4 protein chains.
Amino acid sequence: MFIPMAPTVTPPRLDVLLDAALAVFDELGYAATPVPVIAQRAGVAVGSIYRYVSGKEQLANELYRREKRRMAMALFDGVDLDTAPADVFRTVWDRLGRFAAEHPAALGFLELHHHDPYLDDESRALAAQVDATVGGLLARWQAAGAVRPGDPELLTAQVFGGFVGVVRQCRATGRPIDHHLAELTRDAAWGLLAAPAPNPAAG
Amino acid sequence: MFIPMAPTVTPPRLDVLLDAALAVFDELGYAATPVPVIAQRAGVAVGSIYRYVSGKEQLANELYRREKRRMAMALFDGVDLDTAPADVFRTVWDRLGRFAAEHPAALGFLELHHHDPYLDDESRALAAQVDATVGGLLARWQAAGAVRPGDPELLTAQVFGGFVGVVRQCRATGRPIDHHLAELTRDAAWGLLAAPAPNPAAG
Amino acid sequence: MFIPMAPTVTPPRLDVLLDAALAVFDELGYAATPVPVIAQRAGVAVGSIYRYVSGKEQLANELYRREKRRMAMALFDGVDLDTAPADVFRTVWDRLGRFAAEHPAALGFLELHHHDPYLDDESRALAAQVDATVGGLLARWQAAGAVRPGDPELLTAQVFGGFVGVVRQCRATGRPIDHHLAELTRDAAWGLLAAPAPNPAAG
Amino acid sequence: MFIPMAPTVTPPRLDVLLDAALAVFDELGYAATPVPVIAQRAGVAVGSIYRYVSGKEQLANELYRREKRRMAMALFDGVDLDTAPADVFRTVWDRLGRFAAEHPAALGFLELHHHDPYLDDESRALAAQVDATVGGLLARWQAAGAVRPGDPELLTAQVFGGFVGVVRQCRATGRPIDHHLAELTRDAAWGLLAAPAPNPAAG
DNA sequence: GATGAATGAGTTTTCATTCAT
DNA sequence: TATGAATGAAAACTCATTCAT
């Protein structure tokens, strides 16, 4: 499969740490999060954190990669990408909705924050790889005439950004983020993506 | 006009401060930005900042509101909203592209950062007001059958989020953010928004 | 003159800091000295230290250089090095005794501690320069037949090390370090240095 | 014999610990040495250290005493102190050179570091005892007219300090510390110690 | 008004020591 | 007995804010 799998199994203790960090980072942001708050949320002593990661920055990077992979898996793992684009799209979009509903902090951390000051090369590379993979899928759909032309990575960014924008709006207004969100936004998203119908007048 | 105007004229010195803060906040994020860095960038002494604003938080809020208004003006000021929706949309989308090109830090600060921990009520209210205004426009377009049905604020969030996603992607990959971006994304955005053509077979 | 002068005038506030650091470093050693203790001794807040030096390490290096120069000045400044070696030696040794008596912490810090882990290149270079300068003096005395042959830097290290050993012993036993120390050790030191009298039987 | 013997036989495991501690203390200094680093160097788990000593401080004291005794033995054990002072001196000085060459870390740890903050009474007493013993030897030599007058402990400190100074200089400049060092410094050291020849003019 | 040195609470990180396995 | 993960007090350093000049 073309989706990056988790290469190593995270030790359970680190996982607890990452869970705690995820919650707090999503809430306060990386820079505004004191390490002791993460420790407390994880139910460990501050010093223990440094047995698992070299510092706050590495913690954030490990987290970023875990969640990036998690999300990629949640969207694409086991999906047969060779069926009709509209069907695949619908499946993936629904999964995106479910992911947002089930892992709101993951989506928030990944997409609603500014990671520039601390992401390391490995994290950036992973992000780029995921982008490229999804971009490749769109390119094939374009070749098949199912998706409108244009830079596939930009198109990906646009559809996906649309969903992120909706999630952000829900958060701002207190609207619940549940699986309905996929439904509510699906047609619009496909309208963005789908190749325009050939002009009937031209026929 | 329905777009919120700047209620007070910003004193020129505060404006210099906000310009500096904008650049640094966009780059480092609010929490990671030291006040002295803003002062230096503005060419004033640290202490002077506290003559204009009560602290870092108020500075960020003043900035947020200035930029939010600036952007609303840039998108809508002087636009005749009563012409054909597709035309208005095209105009506004082009203006959005120009705004992104000319004020990249403003767009980045407003849309690429997580403001939750520090935005005050006034700033939130302004954001809500802008959303509502744009939502109202979309609602009228829906009533006119030009835009697909659905919660207009969600739809707004989705189109706009799409553009933000594209800008974010450009930043991540180093692709320049210029006025072409509007062109490149316009059709997709309108595809997202536009009411689907009535089934020709049904005619 | 061949002795390195203080190239810059230390700002008075930094001087206060260095005085405090000197006392504490000499007492506890560099690694065992908490920065707050230095701050308290200097009568300033912890944070203020970081306006003058970039950290504990730079503080120790500034201190090391200041004291190294101070000591070189105390020993050699204004001494006419072209008079008879035995007279010059006597003068310098007495000055060494006075320096030890008046600046016990300086001598202790410079000579009784292990500086390897934190001295920077500039400090090492200064130390080497002082060594070389004194070594040069000894070499001239050797050429004049006044001082026994052998690597002049080793010879310097040996006489000077003798004095340091005595100071260390005094500290260990609680014996006061005063100007008598120079007197008490002078003949032995010159016995170490002086060229052995030609064998009278050989004449 | 007047030289303090090791009163207890060190358990072999503790010896391994002390060897590791010696290497690291000499390199980093007591205060800057983390206990885990010692454990790693010794090839044992951190926790195991606390089965043999009560903590870092006791470890350093055990080490100090072991090395102090080791050195005293290395210098004096088996030496017939009743032969001619110059011969005894020569022997001991050569042994000192050999000790420095063979146990550079021991000499470094004992003589190049500041032990004040952690040495306990037992260690201080041992040091004093060694000093006194050597001082007694010197006093006898003075009585025999072989060594110049003056406080014998100060004289000891001065000769020995000379050697330490030379070792320190070698370390600073990267010069190897081998058995030649004894040779190179022997005459100077004896010049320091030896009673000055009676003034021939006075004869 | 403007300045920037001074402050000290708060941040990240280290490390001596303990204790369940 | 040996281990090494866990602890938390203490370390170095940062930075929002104040205030004397």
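Lettering follows sequence order; numbering is per chain, from 1. None of the values given here were measured: they were computed from a predicted structure. Worth knowing before you read on, the calculation uses all heavy atoms, side chains too, and leaves out hydrogens, waters and symmetry mates.
- Classified by interplanar angle (parallel below 30°, tilted 30° to 60°, perpendicular above 60°), the ring pair His115(C)/Tyr64(C) is perpendicular.
- For the pair Gly47(C) and Lys56(A), nearest-nucleotide mapping onto DNA chain E gives the more 5' position to Gly47(C).
- As judged by a 4.0 angstrom heavy-atom cut-off over every strand, Val35(C) is placed among residues touching the sugar-phosphate backbone only.
- When the nucleotides dT3(E), dG4(F), dG8(E) are ranked by their closest atom to the side chain of Val46(D), dG4(F) comes out on top.
- Proximity of Tyr52(B) to the phosphate of dG1(E): no side-chain N or O atom is located under 4.0 Å from OP1 or OP2.
- With a 3.5 Å ceiling on both atom-pair distances, the Watson-Crick or G-U wobble partner of dT21(F) is dA2(E).
- Ring-plane geometry between His113(D) and His114(C) is classed as tilted, the angle between the planes lying from 30 to 60 degrees on a 0 to 90 degree scale.
- Expressed to the nearest 0.5 Å, how far CD of Gln58(C) lies from CG of Asp120(C) amounts to 8.0 Å.
- Protein atom CD1 of Ile38(C) is 13 Å distant from nucleotide atom C1' of dC13(F), rounded to whole Å.
- Residues Pro36(B) and Gly43(A) each lie close to DNA chain F; by heavy-atom proximity, the contact nearer the 5' end of the strand is made by Gly43(A).
- The nucleotide whose nearest atom lies closest to any side-chain atom of Arg51(C) is, among dA6(E), dA5(F), dA5(E), dA5(E).
- One atom, CD of Gln58(A), and another, P of dT14(E), lie 12 Å apart when rounded to the nearest Å.
- Taking atom CD on Gln40(B) and atom P on dA2(E), their separation rounds to 19 Å, with Å as the unit.
- A donor-acceptor contact shorter than 3.5 Å links the side chain of Lys56(B) to the backbone of Thr33(B).
- If you check every strand for non-hydrogen atoms under 4.0 Å, Thr33(A) touches sugar and phosphate atoms only.
- Atoms CG (Leu28(D)) and P (dT14(E)) sit 15 Å apart, rounded to a whole Å.
- In this structure, the nucleotide among dA11(F), dT17(F), dA2(F) sitting nearest to the side chain of Arg13(D) is dA2(F).
- Ranked by how close their nearest DNA chain E nucleotide is to the 5' end, Tyr30(A) and Ser54(D) are led by Tyr30(A).
- Checked against dT7(F), dA5(F), dG8(E), the side chain of Ala45(C) finds its nearest nucleotide in dG8(E).
- A sub-4.0 Å separation between OP1 or OP2 of dT7(F) and a side-chain N or O of Ser48(A) is present.
- The side chain of Tyr50(D) contributes an N or O atom lying less than 4.0 Å from OP1 or OP2 of dT17(E).
- Straight-line distance from the CD atom of Glu57(B) to the C1' atom of dT17(F): 14 Å, rounded to whole Å.
- The distance between atom CG of Leu59(B) and atom C1' of dC15(F), rounded to the nearest whole Å, is 15 Å.
- With rounding to the nearest 0.5 Å, the separation of CD in Glu62(D) from CG in Leu17(D) is 10.5 Å.
- Rounded to a whole Å, the CD1 atom of Ile49(B) is 10 Å from the C1' atom of dA16(F).
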